[in-house]
Amino acid sequence: MRSRKAGPLAGLALLALALVLVAAGSFTGASGKPTYLNGVYEGSAPSHGGELKVLVTVKNGKIASVTVNASDSAGISDAAIAKIPAAIVKAQSASVDAVAGATETSEAIKTAVAKALEGATLYPVAKRIKTDVVVVGGGNAGLAAAVEAANAGAKVILVEKMAFLGGNSIRAGGAYNAVDPARQSKQGIEDSIDKHFQQTFEGGDKKADPALVRTLVEGAPEGLAWLESMGMKFDDKVFTVLGALWPRSHAPIEPVGTGFIKTLSSAAKAKGATIMLETRADQIIREDGKVTGVVVIDAKGTRIRIDASRGVVLATGGFAANKEMRQAYDARITPNLGTTNHPGALGEGVVMAQKIGAALVGMEYIQMLPLGDPKTGALEGWVGFNVEDYIYVNKDGKRFVSEAERRDVMTQALLKQRDQYMFVICDAHSMPTPESKNSFNETAASLVKKGSAFSADTIEELALKIGVDPVALRATIDEYNRGVETKQDAFGKKLLGNTIDKAPFYASPRVPTVHHTMGGVRINTAAEVLDAKGAVIPGLYAAGEVTGGIHGTNRLGGNALADTIVFGRIAGKNAAAKK
Ligand code: ADP
């Protein structure tokens with residue numbers, strides 16, 4: 001995706017989204033009279049004299065004072081500024097009557113106070129429990145954080161809203177990028193931390209925070225060794241996952257992301273972390289500036305306050321499955337586009353963090369992949385494994401982009417093809433027998449059986465099966481093969497492997513699909529969450545897809561799982577450290 005600022009329409013959409021979320025909040029069992037969390041809160045709202053600002057002070061759980069800073073015309077607004085703050089303090093609520101004759105200023109003060117109190121309003125809870133560290137989200141980042149926090153001696157509670165662990169991590173292709181001289185030298189691959197840095201930073205159009213990129217690439221090999229030390233197994237050979245730009249992707253032996261989740265959840269449990277499933281975090285609690293816990297709603301609908309004496313780790317993943325939210329940040333991501341994500345990738349972590357003052361970064365950078373299932377948007381179901389050994393052709397049987405390009409470049413090229421539709425084509429070099437598997441552990445035979453792939457003994461026969469002109473497809477394959485032999489690809493593909501000439505030949509239809517949200521809460525290299533002024537929000541850490549600033553405009557394939565492990569570990573360790 002290209003960089004793009006959210007325009008005014010996106011602003012409106014965001015407002016609508018905020019209203020939807022506020023409305024949704026009222027169904028979460030939030031009832032009874034609220035109290036307020038101590039602190040000083042800023043809020044603002046447009047008024048006739050420009051942006052009107054308020055400062056709300058909460059002491060002993062009560063609104064103690066409201067001060068207003070407005071450029072509204074004196075005379076008209078005086079009465080509102082004099083009366084509304086006192087009325088709000090008296091009512092302990094922003095819902096008070098407007099002052100006659102100064103309605104606009106009155107409404108602006110009420111709106112600004114309501115906004116200021118958004119993250120400070122605490123509804124009654126049925127139960128209160130205490131721990132050292134709370135981790136929100138049970139994907140890779142959350143589980144890695146839980147393991148490290150427990151390793152550091154902290155009592156850990158991890159809450160996961162779904163009935164199972166794994167999030168997007170378990171359904172990811174599984175590729176983990178890390179510089180790995182032991183494996184790479186055997187394959188004659190030259191690599192370095194600097195090269196991984198450069199490709200990640202430039203592959204995201206230099207929009208990432210270089211310090212975070214450095215932390216990612218330096219921590220990735222250690223993260224890999226850490227997983228292996230806990231018994232996780234990876235293939236001896238590295239490969240180049242789609243959009244990785246270099247052969248440093250490690251394929252787990254167990255299918256997709258299951259190896260990560262099994263390894264991490266066993267370790268977390270073995271170290272004594274408590275895992276609460278079907279338990280959704282509804283609010284991050286920030287008191288007197290410091291994050292001290294969360295409010296969760298368990299499977300029975302009970303609201304529970306969990307106090308975390310050392311820290312809270314936010315690891316709730318991204319928002320690619322939230323159609324309104326993703327379109328609000330990038331209007332081009334229309335609701336008709338499918339997603340590879342699990343249905344729980346709704347961005348609640350971002351919204352919760354924003355309410356207590358976290359800064360967001362890169363929210364408009366939303367990644368699409370060219371390899372979605374035409375019916376579901378899922379990533380599963382396509383033939384091929386190594387970027388080096390397959391090609392993409394459009395409905396006219398023609399290539400249109402290098403298959404080793406950045407993900408955004410490939411998807412943008414696909415969006416320009418007829419019906420925004422293509423086929424991945426490979427041969428027996430990729431899938432030598434009917435039992436050969438793609439990276440989703442699906443066999444060639446099963447893909448053909450379920451209609452996700454077509455196979456044939458000749459290119460011409462394959463073309464007829466997929467409704468493409470056989471002469472055109474033959475010419476495309478011949479030209480590609482000549483390019484492989486002469487190392488001169490017509491589309492500039494540098495990662496060239498085998499020629500496509502060994503029957504059986506395979507084709508899988510594919511369309512663009514929404515895959516990863518690069519934006520999220522702003523963190524520093526210690527995985528501490530930052531506010532709009534760049535200051536650390538004490539007690540709050542974040543890791544994984546919920547964060548922004550690590551991948552810039554476009555994430556390299558295979559960098560996400562490395563990101564979750566590297567920053568999950570940092571967040572867990574730092575959250576557990578005694579303050
Ligand atoms: P990452 O790759 O960053 O670890 P994942 O998508 O793998 O992200 O995992 C995030 C997990 O967080 C998912 O399992 C998701 O269901 C969970 N989650 C999201 N929002 C909440 C929430 N409000 N409370 C608890 N768990 C949540």
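As the structure is a computational prediction, the values presented were derived from the model and not from experiment. First listed ligand is number 1; within each ligand, the first listed atom is number 1. When a residue number appears, it is its place in the shown sequence, counting from 1.
For Lys450, the NZ atom is densely surrounded, since the number of other residues' heavy atoms within 6.0 Å is greater than 12.
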Using a 3.5 Å cut-off and no angle test, enumerate the donor-acceptor pairs between side-chain atoms of residues 143-153 and protein atoms at least two apart in sequence or in another chain.
residue, atom, partner, partner atom, Å
Glu148, OE1, Asn151, ND2, 3.0
Glu148, OE2, Arg569, NE, 2.7
Glu148, OE2, Arg569, NH2, 2.9
Asn151, OD1, Lys271, NZ, 3.1

Using a 3.5 Å cut-off and no angle test, enumerate the donor-acceptor pairs between side-chain atoms of residues 285-297 and protein atoms at least two apart in sequence or in another chain.
residue, atom, partner, partner atom, Å
Arg286, NE, Gly289, O, 2.7
Arg286, NH1, Ile356, O, 2.8
Arg286, NH2, Gly289, O, 3.1
Glu287, OE1, Thr292, OG1, 3.1
Glu287, OE1, Arg305, NH2, 3.4

N/O donor to acceptor pairs below 3.5 angstrom from side-chain atoms of residues 218-230, sequence neighbours left out:
residue, atom, partner, partner atom, Å
Glu228, OE2, Arg183, NH2, 2.8
Ser229, OG, Trp226, O, 2.6

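Of the N and O atoms on the side chains of Thr131 and Asp307, not one donor lies less than 3.5 Å from an acceptor on the other residue.
Within the 3.5 Å criterion, the main-chain N or O of His515 finds a donor-acceptor partner in the side chain of Asn341.
Within 4.0 Å of ligand 1, heavy atoms belong to protein residues Val136, Gly137, Gly138, Gly139, Asn140, Ala141, Val159, Glu160, Lys161, Met162, Gly166, Gly167, Asn168, Ser169, Thr279, Arg280, Ala281, Ala315, Thr316, Gly317, His342, Glu348, Met352, Gly544, Glu545, Thr564.
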